[in-house]
There are 2 protein chains.
Amino acid sequence: MVYSSYENDYVNADDQKKGNAAMVSMKNIADRCHVSVATVSKALNNHSDVGEETRLRIKQIADEMGYHPNAAARALKTHRSYNIGILLRDDAHSGLTHEYFSEVLDGLKVEAEQKGYDITFINSHNNKMTYYEHCKYRNLDGAVIACAEFEDPEVIELVNRSLPTVTIDYIFNSCTSVSSDNVKGMRELVLYILNKGHKKIAFIHGESKSEVTKERLASFHRTLAEFNVEVPDEYVRASEYLNATKAEKLTKELMELKEPPTCIIYPDDLSYSGGINAVRNMGMLVPQDVSMAGYDGIKLSQIFNPKLTTVKQNSKEIGKLAAQQLISAIESPKTTFVQRIMVEGELLPGETIRDLN
Amino acid sequence: MVYSSYENDYVNADDQKKGNAAMVSMKNIADRCHVSVATVSKALNNHSDVGEETRLRIKQIADEMGYHPNAAARALKTHRSYNIGILLRDDAHSGLTHEYFSEVLDGLKVEAEQKGYDITFINSHNNKMTYYEHCKYRNLDGAVIACAEFEDPEVIELVNRSLPTVTIDYIFNSCTSVSSDNVKGMRELVLYILNKGHKKIAFIHGESKSEVTKERLASFHRTLAEFNVEVPDEYVRASEYLNATKAEKLTKELMELKEPPTCIIYPDDLSYSGGINAVRNMGMLVPQDVSMAGYDGIKLSQIFNPKLTTVKQNSKEIGKLAAQQLISAIESPKTTFVQRIMVEGELLPGETIRDLN
DNA sequence: AAAATATACGAAAACGTTTACGTAAAAACG
DNA sequence: CGTTTTTACGTAAACGTTTTCGTATATTTT
């Protein structure tokens with residue numbers, strides 16, 4: 001069969017571009033089956049009080065007629081929408097356009113759809129509603145807070161209300177969280193670098209207020225302290241996530257120190273790209289003159305030349321687990337409890353760390 | 001005021017984590033205002049047959065009580081959901097995890113939200129519904145088809161039904177499209193390369209069946225023909241979008257030809273990264289030994305060293321226009337017609353094209 | 001002042017479901 | 001065979017809106 005968009009031969013005549021496609025309702029099925037709508041409803045929802053043969057007949061006719069329930073009517077009656085919200089605020093440098101969150105969203109989407117849920121973006125509707133009000137307005141069954149200002153009163157309201165919520169990379173006491181294990185990730189990275197003989201390790205990190213940054217910073221310091229490696233204050237610099245320009249500038253500063261580091265860790269792979277530009281512009285090479293490591297494990301990191309040493313975050317898994325947790329909380333609230341889920345990343349050893357041994 | 005997630009002091013006592021948050025309805029407002037729900041509805045929707053002072057009173061009380069309409073109830077009655085669907089199939093290598101589509105989605109989201117619409121992902125619900133049925137099921141007001149198999153019968157059904165739709169980077173005769181101007185983009189790129197004195201220009205392109213590929217290929221050939229530049233068959237190679245490995249392999253093949261090209265154009269910036277690896281592994285440099293150009297203008301392309309010559313697609317604008325067109329089609333169907341909208345990209349001259357003059 | 005019109009509101013049906021409850025007929029029981 | 005229980009279905013209310021139509025009061029017109 002050939003489908004031609006010009007002849008419209010795929011679409012049957014009674015539902016052309018103009019005609020209002022009236023969806024088939026339970027009433028229609030009821031009429032054709034000579035039963036009441038109640039029976040149709042119960043048959044389709046597999047209630048016990050409907051005869052076996054009628055149930056089958058109704059289901060078959062419903063199939064034949066191409067019946068699908070009306071989500072609005074169902075939601076109105078049951079207060080369940082099979083729709084979950086995702087909060088992904090995309091000002092500044094993060095959110096949708098960040099490969100990490102894109103993949104989290106993708107993992108979330110796949111898992112949710114597989115379980116029969118749809119995904120709708122949450123926003124504040126031009127500040128006419130809070131996030132929570134928006135969820136109620138849309139009858140959302142739950143919400144995933146993927147990327148947001150977690151100190152925002154609106155966000156705090158959202159997690160504290162009765163709506164099931166799951167946060168990503170941030171912990172509230174009242175709701176389940178799924179986080180990338182930044183402590184372990186950073187520790188493994190530092191161990192790897194130490195193992196290569198480095199003692200002068202700098203860390204250009206992301207926004208200080210971010211929970212992710214705090215974890216990585218703490219893990220960085222703790223791991224180095226464990227091995228009695230000193231880290232001068234000037235080796236730790238605050239930058240911003242995904243700000244290559246700032247990373248470049250800070251890298252230059254680091255390399256101009258009297259005692260420059262032998263290795264620099266970046267907040268993310270994109271910042272690393274700014275960093276390597278800085279040293280190249282100074283006539284130096286990575287890893288010959290200075291070693292470098294990224295974080296995230298974006299696709300390009302493994303195509304870079306030299307191949308980047310980085311920690312790949314398991315972002316799709318994070319999204320998937322968030323969906324599972326949320327749906328579990330929605331469907332069996334009594335047996336689902338607040339959890340702290342950590343998803344380990346994977347150290348990808350590349351060619352940007354020189355072996356000093 | 002300090003918000004503490006531990007003390008829950010932001011949430012008032014009658015709506016703690018356990019309590020079912022009963023939203024305030026028109027009935028509640030009606031009671032408090034001593035009017036009927038009909039009057040409340042009409043007041044809030046600015047109908048003419050309600051007194052000025054009562055309208056004001058009702059609106060104020062509604063505000064005080066924190067009223068927001070129930071989207072499901074409204075959709076059920078009006079068949080309008082103020083919700084639009086986006087089809088973004090993410091198998092293989094495209095969709096959400098592609099920076100281009102992420103940005104299109106972001107542009108779409110911002111514009112739609114600003115006009116009071118929400119965005120929900122469309123899928124086929126485990127193949128239990130077609131895309132169109134899914135839209136009806138959710139009472140979506142319209143749909144944007146951003147990334148999909150456009151030959152898929154389900155997609156064809158979707159655009160041919162009565163639901164307003166807008167496609168991105170693909171043209172159906174029955175619905176408005178917003179496309180990146182690949183013809184012009186490729187032409188400008190080729191002109192730039194020609195201007196630098198190149199005569200032996202190769203093109204590693206994306207999936208042949210893709211409309212985007214066809215346009216770029218046609219523009220590539222036409223522009224070169226216009227300047228009487230021959231292009232041997234072996235200079236045009238089919239790869240896949242975002243497949244760096246394949247691009248790397250094809251680049252190696254090109255450079256091993258008896259008469260290798262002096263410039264290679266890639267399907268996207270990521271493929272370029274594979275390409276530059278190939279020539280570096282062969283001991284050659286870009287642009288000294290061979291010139292290269294990408295397509296897309298991802299963030300990293302401007303951080304690459306050497307800076308990549310590429311065509312930046314105006315992806316956010318594409319998303320924004322798609323939203324505008326769709327909403328216009330939804331809100332004033334009589335005065336909105338099928339359009340072909342082209343969004344121009346921008347040539348970003350980098351350092352990867354050697355000047356042969 | 002009577003009649004016509006305008007204004008402001010309410011009653012009730014409708015949208016498509018779900019579900020509590022009622023009730024026949026059939027089955028099981030004594 | 002009468003009584004209870006089970007089975008299979010229907011009735012009707014409800015979810016929260018919107019909208020048509022009706023109507024009482026106020027206003028304007030003759």
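Being a predicted model, the structure only gives us computed values, none of them experimental. In what follows, chains carry the letters A, B, and so on, assigned in the order in which the sequence lines appear, proteins first and then strands, with residues in each chain numbered from 1.
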Please give me the minimum heavy-atom distance between Leu326(B) and Pro164(B), naming the atom from each residue.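 For Leu326(B) and Pro164(B), the tightest heavy-atom pair comes out as CD1-O, 3.4 Å.
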
Heavy-atom pair with the smallest gap, counting every atom of Val159(B) and Cys175(B):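 The answer is CG1-SG, 4.1 Å.
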
Residues in side-chain contact (heavy atoms from CB on, under 4.5 Å) with Glu103(A), at least two apart?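 Scan of Glu103(A) (side-chain contact (heavy atoms from CB on, under 4.5 Å), adjacent residues dropped) gives Glu99(A), Ser315(A), Lys316(A), Thr97(B).
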
Once side-chain contact (heavy atoms from CB on, under 4.5 Å) is applied, do any residues pair with Ser102(B), and if so which ones, sequence neighbours excluded?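 Applying side-chain contact (heavy atoms from CB on, under 4.5 Å) to Ser102(B) gives Ser102(A).
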
Enumerate donor-acceptor pairs with a distance under 3.5 Å from any side-chain N or O in residues 317-325 of chain B to protein atoms, sequence neighbours excluded.
residue, atom, partner, partner atom, Å
Gln324(B), NE2, Glu111(B), OE2, 3.3

When the C1' atoms of the five terminal pairs at each end define the local axes, what inter-axis angle does the helix from dA1(C)-dT30(D) to dG30(C)-dC1(D) show, to 10 degrees?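 Between the first-five-pair axis and the last-five-pair axis there is 50°.
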
Rounding to a whole Å, what distance do you find between Ile58(A):CD1 and dA8(D):P?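 From Ile58(A) CD1 to dA8(D) P: 13 Å.
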
Nucleotide by nucleotide, 5' to 3', does protein get under 4.0 Å of the base (B), only the sugar-phosphate (S), or neither (-) in nucleotides 11-21 of chain D, counting heavy atoms? BB-BBBBBB--

ring-ring contact (aromatic ring centres under 6.0 Å, His included) pairs, two or more places apart, involving residues 56-90 of chain B: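 Those involving residues 56-90 of chain B are Tyr82(B)-Tyr117(B).
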
Between Ile84(A) and Ile119(A), is any pair of side-chain heavy atoms under 4.5 Å apart?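 Of all side-chain heavy-atom pairs linking Ile119(A) with Ile84(A), at least one is under 4.5 Å.
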
What I'd like to find out is whether the side chain of Phe121(A) reaches to under 4.5 Å of the side chain of Leu105(B), using heavy atoms alone.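 Phe121(A) reaches Leu105(B) side chain to side chain.
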
